[in-house]
2 protein chains.
Amino acid sequence: MDTADGIAAGAPGGARPRKRAVRRAQSASMADVARLAGVSSQTVSRVSNGYSGVAEETRRQVLAAMKELGYRPNSAARALKSGEFRTIGVITFGLSSTGNVRTLEAIAVSAAQEGYAVTLLPVAVPTQDEVRGAFSRLSELAVDAVIVIQEVHLLDEATLSLPPHIQVVVADSDAGDRFTVVDTDQAGGARTAVRHLLDLGHHTVWHLAGPEESYAAQRRADAWRAELTAAGREVPAVVRGDWSAESGYRAGLGLADEPDCTAVFAANDQMALGLLRALAERGRKVPDDVSVIGFDDIAEAGSFLPPLTTVHQDFAEVGRLCVEGVLHRMRHGGAEHGTTLVPTTFVVRESTAPPPAARRPRP
Amino acid sequence: MDTADGIAAGAPGGARPRKRAVRRAQSASMADVARLAGVSSQTVSRVSNGYSGVAEETRRQVLAAMKELGYRPNSAARALKSGEFRTIGVITFGLSSTGNVRTLEAIAVSAAQEGYAVTLLPVAVPTQDEVRGAFSRLSELAVDAVIVIQEVHLLDEATLSLPPHIQVVVADSDAGDRFTVVDTDQAGGARTAVRHLLDLGHHTVWHLAGPEESYAAQRRADAWRAELTAAGREVPAVVRGDWSAESGYRAGLGLADEPDCTAVFAANDQMALGLLRALAERGRKVPDDVSVIGFDDIAEAGSFLPPLTTVHQDFAEVGRLCVEGVLHRMRHGGAEHGTTLVPTTFVVRESTAPPPAARRPRP
DNA sequence: GGGTGTTATGTTTACGTAAACATCTGATGG
DNA sequence: CCATCAGATGTTTACGTAAACATAACACCC
């Protein structure tokens with residue numbers, strides 16, 4: 001019974017173990033399909049990959065066999081053979097920020113359209129060590145390319161440990177000299193915001209900045225300063241938060257006590273939200289007493305009290321361009337680096353108005 | 001010059017092409033390391049996988065060779081050999097909801113701790129077709145197991161196309177009979193919220209529900225109704241939104257006009273935000289005139305105007321349990337299904353207070 | 001001092017796929 | 001009627017790893 005193939009059990013050496021029978025019930029291989037269809041496995045491969053040069057009749061038989069066995073190409077074998085994983089790794093420092101998430105989503109969608117999967121490489125704390133860890137984990141990972149979202153001044157050396165053939169594109173950072181970068185036009189957005197407030201008649205604009213370590217925060221702050229300077233206005237001291245609404249609230253309590261602060265440009269919407277709360281608590285009306293502008297245009301911004309005027313970032317476009325960039329570099333060889341800027345749009349809602357001084361004289 | 005190895009170029013048949021020399025500059029293989037270290041590739045494998053039974057001296061040599069060549073194990077080959085990808089696929093219907101994202105993040109972190117990577121399977125529109133598409137794409141993908149975040153009544157048949165050995169765990173859904181489910185204790189959270197409002201003295205509680213298709217929304221609504229009924233209170237008509245702040249605002253305009261509406265339980269924080277805006281616009285003070293409770297406890301909830309009392313969901317725990325569950329099923333065979341509930345915590349902030357009627361008599 | 005382990009290492013093989021090469025069939029053309 | 005060719009299909013091999021199976025060296029014990 002158990003030597004069904006006719007070879008005597010005791011035959012010396014010849015009794016090759018019947019592994020096949022015991023094998024895991026996993027999916028069928030090309031060989032299985034080939035056997036059932038009565039063709040060679042190579043023909044199955046040709047059908048599977050849509051090559052021409054297979055007779056219509058044969059093709060149909062193979063397809064039928066595939067269906068019957070529930071054949072699925074084994075991506076590990078395919079990857080081993082081709083040297084490609086068809087997967088893009090994405091390194092993020094936390095998914096707490098809306099921007100990161102929206103970008104990630106767009107990356108996943110774009111990648112899927114190109115037939116690529118997206119693997120997530122979460123980095124808990126954005127320290128050098130952690131980042132280097134992610135990169136080295138990644139290099140053992142089934143990934144053809146990497147997209148890094150945000151804050152890449154930490155990458156300086158970490159990159160060294162990357163396999164040389166892996167392409168890297170960075171979203172939302174500078175370092176255009178060392179990497180291919182896709183970024184929102186932070187400066188342009190910030191300038192528009194400041195200009196809008198000046199145009200409304202505000203004498204100057206205060207800035208509720210993001211954390212010092214962040215390049216995005218830094219660039220928004222720089223642009224704010226530049227725009228004020230260009231207009232010959234005085235530049236108030238920077239107030240700093242950490243992107244969170246809570247930090248915006250704390251900073252806002254201070255700003256509320258500045259009597260001549262009539263306009264604030266917050267570096268993101270969350271901090272603007274906290275700022276709104278602080279101002280409300282201190283009895284300073286927005287926009288009548290103080291105008292507020294945010295950055296990002298998160299989904300909830302239109303429902304703040306009052307609805308927030310803000311700078312809309314096109315995260316979807318950033319994500320799309322990241323994928324495009326990384327695939328381009330993979331296919332056409334990693335050429336020189338550079339930065340692609342995605343423009344922002346300015347969304348005017350109800351949190352901005354002329355300053356009290358400009359309106360008081362009228363009635 | 002070009003036949004440097006000494007075999008005459010014209011040698012018939014024997015001139016096996018020198019492929020090695022032309023090979024891609026990709027990373028070194030075990031064989032390369034073995035050659036350099038002067039051992040067999042099996043020994044390299046043993047070192048690479050941390051097996052015992054390798055002499056300390058040999059191990060050091062191998063490690064040195066690995067370092068010199070920058071050796072990285074090829075995960076495709078490893079996966080092919082072992083039949084495991086060490087990757088978990090995550091299917092989400094959009095990353096727009098905070099809950100999904102936080103759960104995803106926790107999944108990624110937990111998976112990483114277990115040495116698993118996470119691959120994202122975005123489904124643009126949650127239709128049967130789309131879901132089925134994701135599942136079939138997935139089955140060609142390098143994935144050992146799948147975690148589905150949210151709304152799985154769409155999966156009924158789609159599952160059929162899944163390779164049999166792939167384990168599935170579902171977050172935030174019902175279907176505990178067909179799948180292994182990890183879910184927040186929606187009912188418990190909702191009841192606590194309603195009870196809190198009743199205890200404050202409100203006669204009854206209105207409900208701003210999520211979309212009908214959502215099981216989470218449905219369960220929150222059911223629990224709200226059950227709690228009111230249990231307390232013998234009348235059950236107001238359900239007002240429905242679509243989770244967005246904007247929909248909460250629209251629904252809120254209607255609620256603001258209900259004179260005897262003194263307490264609203266919103267099915268999520270975003271809608272609560274919109275509701276707050278609507279009430280503010282209509283001059284109904286929160287919490288003096290109307291109490292509002294949300295659900296989720298998103299990061300910004302503490303900065304709303306007023307800071308929102310809400311039901312805190314432990315998304316991190318949900319994510320962790322999903323990974324744990326899926327790994328358990330992989331290792332110990334997919335046993336029976338069931339639902340694991342993660343408790344909520346109730347966060348009291350400033351959006352709830354006794355109803356006007358209860359307070360007015362006093363002063 | 002010949003078994004008997006034990007430890008360190010090498011050799012063979014298979015995983016599933018697909019490129020490269022080989023073969024086989026039948027048709028076309030001179 | 002055979003050379004030539006194109007199309008369809010089969011055979012061999014390699015991808016990098018690791019399990020399974022040798023083998024070799026050396027220590028230990030009665």
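All chains are named by letter (A, B, ...) in the order of the sequence lines, taking the proteins before the strands, and each is independently numbered beginning at 1. What you see is a predicted model; the values in this text were computed from it and never measured.
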Between A:Asn74 and C:dC15, does any side-chain N or O lie under 4.0 Å from OP1 or OP2? no

Choose from C:dT11, C:dG16, C:dT17 the nucleotide whose nearest atom is closest to any side-chain atom of B:Gln42. C:dT11

Hey, could you give me the CG/CE distance between A:Leu36 and A:Met66, rounded to the nearest 0.5 Å? 11.5 Å

Considering only heavy side-chain atoms of B:Val54, the closest of D:dG10, C:dT9, D:dT17 is C:dT9

OP1 or OP2 of C:dT7 less than 4.0 angstrom from a side-chain nitrogen or oxygen of B:Tyr51, does that happen here? no

For atom CZ of B:Arg59 and atom P of C:dT7, their distance in whole Å: 15 Å

Examine the base of D:dG10 for any acceptor or donor lying under 3.5 Å from a partner atom in the side chain of A:Arg46, and report the outcome as yes or no. yes

Return no unless some side-chain N or O of B:Thr43 is found under 4.0 Å from OP1 or OP2 of C:dG10. yes

If you draw the axis of the six-membered ring of B:Tyr51, does the NZ or CZ of B:Arg46 fall within 45° of it and under 6.0 Å from the ring centre? no

For atom CG of B:Leu80 and atom C1' of C:dT17, their distance in whole Å: 8 Å

Counting N and O atoms only, with roles assigned by atom type, does the side chain of A:Ser45 sit under 3.5 Å from a partner on the main chain of A:Ser41, one being a donor and the other an acceptor? no

Closest nucleotide among D:dA8, D:dG16, C:dA18 to the A:Ala55 side chain: D:dA8

Has A:Asp144 got a side-chain atom pairing as donor or acceptor with A:Thr87's backbone, closer than 3.5 angstrom? yes

Could you grab the distance from atom OG1 of B:Thr180 to atom CD1 of B:Ile147, nearest 0.5 Å is fine? 11.0 Å

Side-chain atoms of A:Arg78 come closest, of C:dT17, C:dT11, D:dG16, to C:dT17

Spacing of A:Glu57 atom CD relative to D:dT9 atom C1', expressed in whole Å: 14 Å

Touch check for B:Val44, heavy atoms < 4.0 angstrom, all strands: base, sugar-phosphate only, or nothing? nothing

Integer-rounded Å distance: C:dA18 P and A:Arg86 CZ: 12 Å

Once each nucleotide of nucleotides 22-27 of chain C is scored for protein heavy atoms under 4.0 Å, what B/S/- sequence comes out, 5' to 3'? ------

Does this structure show an ion pair linking B:Arg331 with B:Glu84, if we count only N-O contacts that are shorter than 4.0 Å? no

Distance check: side-chain N/O of A:Thr58 vs OP1/OP2 of D:dT9, anything under 4.0 Å? yes

Starting from P on C:dA8, measure out to CD on B:Gln61 and report it in whole angstrom. 15 Å

Please report the distance, rounded to the nearest Å, between CD in A:Glu84 and P in C:dT17. 17 Å

Under the 3.5 angstrom rule, does the side chain of A:Thr58 hit a backbone N or O of A:Val54 as a donor-acceptor pair? no

Qualifying salt bridge (Lys or Arg N to Asp or Glu O under 4.0 Å) pairs, either residue in residues 62-71 of chain B, two or more places apart: none

Round to the nearest Å and state the distance from A:Arg35 atom CZ to C:dG16 atom P. 10 Å

When the distance from CE of A:Met30 to P of C:dG16 is rounded to whole Å, what number comes out? 12 Å

From the options D:dC15, C:dT9, C:dG10, select the nucleotide whose nearest atom is closest to the side chain of A:Lys81. D:dC15

